[in-house]
Enquirer: 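Have a look at this one before I ask anything.
When a residue number appears, it is its place in the shown sequence, counting from 1.
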Amino acid sequence: MLRRISAIKADLKSKTTKEGWVLPRQTSSFADPGAWTNIDIDVTPLERRTWSAWTMFGYWFSDALNAQSWMAPASIIAIGLTWREAIVCIIFGSLVCTVPLVLNGMVGARLHIPFPVAMRASFGWYFSRFAIVTRAITALFWHAIQTYTGSTAMTQIIRAIWPSYLDIPNHIPDSVGITTQGMVSHLIFWTVQFPILLIPPHKLKWFFVAKCVLVIVTSVAVVITMTSKAGGTGDIWNLPYGVDGSARSWLILSSLSSITGGWATMATNIPDFTRYLKSDKGVYWQVLFLPGIQLMLGLFGIICCSAAKVVYGRYIWDPLEIAAQWDGPAGRCGAFFVGLCWVVAQIGTNLSANVISCANDISCLFPKYINIRRGVILATITAAWIMQPWKIIHSAQSLLAFMAGLGIFLAPIAALLSADYWVVNRQRYDVPGLYRAHGRYRYNKYGTNWRAVIAFLVSVCPNLPGMAASVNPAIGPTIGNADKVYFMFYFWGYTSAFVVYSALNYFWPHPETKIPAAIYDDTDVISGEEKADSDTADYSKNKMEVETSPV
């Protein structure tokens with residue numbers, strides 16, 4: 001015991017200096033000699049390629065079963081559309097996302113490389129860090145939102161046991177956007193979630209299984225309860241339009257884009273997960289998985305939102321706010337299980353989609369000081385306490401605006417990854433070259449591909465006035481019809497970046513990146529002929545450093 005205490009004291013003392021935070025140097029299959037790298041961003045070794053199509057199904061089931069998947073379609077009704085438009089937005093919004101999910105998912109499934117490494121091919125060695133930071137920031141935002149939603153679920157658990165919990169006096173100013181009781185719930189949920197986030201996801205298999213069962217059973221029970229209280233599904237099927245004319249058409253398009261934007265992060269960094277697939281055939285099943293799961297949970301939200309109008313006199317798009325209406329012994333019992341359901345759901349989604357992804361990005365940017373574990377700690381503290389998520393999710397309109405705002409920056413990143421792999425380089429990547437600072441994907445001394453810069457700006461800039469107007473409606477009249485582009489931000493963002501980048505590379509190609517066959521290993525290509533199979537090469541062994549000039 002004394003020896004252990006002494007070791008802890010020595011470790012804490014070392015952390016008082018910058019050198020004390022330096023991680024042990026790790027080796028990599030292809031990185032430059034002496035480079036500080038992280039084994040987590042290395043090519044996935046053969047023994048870790050264990051995922052199948054069923055694994056992808058389980059992953060999507062775990063990832064998509066969260067409160068936001070329930071709330072986003074219901075919020076479409078809350079802003080004036082009907083169930084018909086909500087269903088259309090769910091189906092087509094999800095299907096739009098499956099295009100980059102499949103195209104970019106193939107990059108990870110075939111090359112077994114993570115998102116930060118894959119982006120070097122199109123953005124360049126240094127400019128790819130911009131894409132990594134952008135994705136990391138969006139992951140932080142989603143982690144913040146999921147965490148705050150989990151704290152409202154924790155409120156239902158506690159008040160179901162101790163109703164007086166809701167009577168805690170508020171000592172926080174209204175301008176902050178959260179009450180004292182809400183802050184206490186946020187702290188309790190974060191404290192429960194924190195140690196779970198530190199457990200590697202592959203050790204939490206049964207946690208994710210329990211999440212799927214609990215969310216589905218509880219969601220069905222809530223639907224049955226609400227329709228029983230309302231004497232049916234309510235007036236949703238005969239609901240009149242809240243808006244008419246061209247305004248309704250643009251609102252439909254904007255809502256559809258918001259659903260798409262909700263999955264823009266996963267559509268961008270899907271290689272982080274498909275890299276573990278045994279076969280790339282599992283990628284195609286996403287076309288059914290995501291829309292199907294979204295539609296199921298979205299219908300639950302739509303039906304309960306409508307039934308709430310009959311029972312409580314207003315549309316309630318948040319399942320936890322519905323549970324908050326339940327009083328009495330039976331009502332509080334139901335609220336307890338609803339709260340437990342979404343506490344587990346939010347922790348599971350944070351694990352599978354947000355905090356691990358952000359930690360990967362941070363460790364890729366600062367491998368000398370940050371590993372996955374440190375990245376998780378940094379990410380969850382930043383997201384939960386610095387970003388103040390309670391100010392984002394306070395209304396249906398703000399939720400949709402938030403989802404759309406993230407998507408305008410992620411759409412071109414996803415598009416450039418797709419275009420570069422499928423159109424520009426025709427699935428011919430030099431995998432070892434992606435790990436070398438002065439390899440073929442450096443482009444110039446600045447490590448930046450100017451074609452990617454132009455395509456990114458063409459995609460993002462037209463959306464900026466509309467995004468500014470969504471944040472500050474007062475400037476809406478000053479931008480004219482520029483907000484119409486923002487209503488279809490993902491369609492414009494993804495398509496324009498894809499086309500512009502492909503065209504620029506067609507007329508001004510970069511010769512060094514043009515290779516006759518994909519290179520998976522240092523010994524794969526001799527005289528332009530592929531000699532090794534990517535599925536049998538052992539990437540876990542250190543390989544001799546070779547020149548990265550075209551073979």
Side-chain angles (χ1 to χ4, degrees), residues 11-12 14-15 17-28 31 35-44 48 59 62-63 108 113-120 126 128-148 150 189-204 207-208 265-266 268-276 346-387 389 406 409-410 413 435:
D11 183 63
L12 290 176
S14 69
K15 294 296 189 293
T17 64
K18 181 180 178 181
E19 290 72 20
W21 289 93
V22 175
L23 295 166
R25 190 184 297 272
Q26 296 177 322
T27 57
S28 175
W36 221 290
T37 185
N38 192 308
I39 200 166
D40 292 308
I41 66 172
D42 202 2
V43 178
T44 306
R48 293 190 179 183
Y59 170 80
S62 176
D63 187 41
I113 56 176
F115 163 80
V117 174
M119 290 311 304
R120 295 169 182 170
Y126 287 121
S128 65
R129 297 180 182 180
F130 169 78
I132 296 170
V133 170
T134 301
R135 201 284 299 263
I137 291 174
T138 57
L140 281 174
F141 268 107
W142 274 118
H143 181 42
I145 294 299
Q146 303 284 11
T147 298
Y148 179 69
F189 175 79
W190 185 83
T191 303
V192 171
Q193 176 182 249
F194 181 72
I196 300 176
L197 295 180
L198 296 179
I199 302 174
H202 67 272
K203 295 183 179 180
L204 293 170
F207 177 86
F208 290 118
T265 303
M266 288 304 302
T268 304
N269 70 287
I270 189 63
D272 280 344
F273 304 97
T274 56
R275 62 187 292 202
Y276 299 108
Q346 300 310 99
I347 294 176
T349 298
N350 272 332
L351 269 169
S352 61
N354 300 323
V355 70
I356 298 298
S357 297
C358 183
N360 266 313
D361 291 337
I362 300 174
S363 65
C364 178
L365 293 172
F366 308 103
K368 187 174 181 178
Y369 298 100
I370 297 178
N371 55 17
I372 296 297
R373 187 180 182 86
R374 291 181 182 180
V376 167
I377 296 173
L378 182 62
T380 190
I381 292 176
T382 301
W385 300 107
I386 298 177
M387 292 187 166
L406 293 181
F409 297 100
L410 293 174
I413 296 175
Y435 286 85

Enquirer: To the nearest 0.5 Å, what is the distance between CG on Asp272 and OG on Ser357?
Expert: 5.5 Å
Enquirer: Quick one: does Thr138's side chain have a donor or acceptor within less than 3.5 Å of a partner on Arg135's backbone?
Expert: yes
Enquirer: Do Met387 and Thr147 pass the side chain to side chain contact (heavy atoms under 4.5 Å, CB included) test, and can you show the C-alpha distance, the side-chain angles, and the key distance before you say yes or no?
Expert: CA-CA 11 Å; Met387 292 187 166; Thr147 298; over 6 Å; no
Enquirer: For a quick test of reading the model, state the closest non-hydrogen atom pair linking Trp142 to Asn354 and the distance between them.
Expert: CB-OD1, 3.4 Å
Enquirer: Test side chain to side chain contact (heavy atoms under 4.5 Å, CB included) on Val117 and Asp42; report intermediate values, then the result.
Expert: CA-CA 9 Å; Val117 174; Asp42 202 2; over 6 Å; no
Enquirer: For Ala139, what residues pass the side chain to side chain contact (heavy atoms under 4.5 Å, CB included) criterion, not counting sequence neighbours?
Expert: Cys358
Enquirer: What is the distance from atom CG of Leu197 to atom CD1 of Ile377, rounded to the nearest 0.5 Å?
Expert: 10.0 Å
Enquirer: Tell me the closest heavy-atom pair linking Ala144 and Ala383, and the distance in Å.
Expert: CB-O, 3.1 Å
Enquirer: Measuring from Ile347:CD1 to Phe189:CZ, what's the distance to the nearest 0.5 Å?
Expert: 4.5 Å
Enquirer: Answer yes or no: is there a side-chain heavy-atom contact under 4.5 Å between Asp361 and Pro116?
Expert: yes
Enquirer: Please round to the nearest 0.5 Å and tell me the distance separating atom CG of Leu140 and atom CD1 of Ile362.
Expert: 6.0 Å
Enquirer: Under a 3.5 Å distance rule, please check whether Thr380 uses its side chain to pair with a backbone N or O of Val376 as donor and acceptor.
Expert: no
Enquirer: Just how far is it from atom CG of Leu365 to atom CG of Asn360, taken to the nearest 0.5 Å?
Expert: 11.0 Å
Enquirer: Which heavy-atom pair separates Gly108 from Thr274 by the least distance, and what is that distance?
Expert: CA-OG1, 3.5 Å
Enquirer: Decide whether Thr44 and Arg275 meet the rule of one side-chain donor and one side-chain acceptor closer than 3.5 Å.
Expert: yes
Enquirer: If you draw a 6.0 Å radius around CZ in Phe366, do more than 12 non-hydrogen atoms from other residues or ligands fall strictly inside?
Expert: no
Enquirer: Heavy atoms only: give me the nearest His143-Ala379 pair and the separation to one decimal.
Expert: CD2-O, 3.9 Å
Enquirer: Return the minimal non-hydrogen interatomic distance between Tyr369 and Val22, and the atom names on each side.
Expert: CE2-CG2, 3.5 Å
Enquirer: Please report the shortest heavy-atom distance between Gln346 and Gln193, naming the atom on each side.
Expert: O-OE1, 4.3 Å
Enquirer: Nearest 0.5 Å, please: how far is CG in Asn269 from CG in Leu410?
Expert: 8.5 Å
Enquirer: Using side chain to side chain contact (heavy atoms under 4.5 Å, CB included), reason through Phe115 and Ile413 one step at a time and then give a plain yes or no.
Expert: CA-CA 11 Å; Phe115 163 80; Ile413 296 175; 4.1 Å; yes
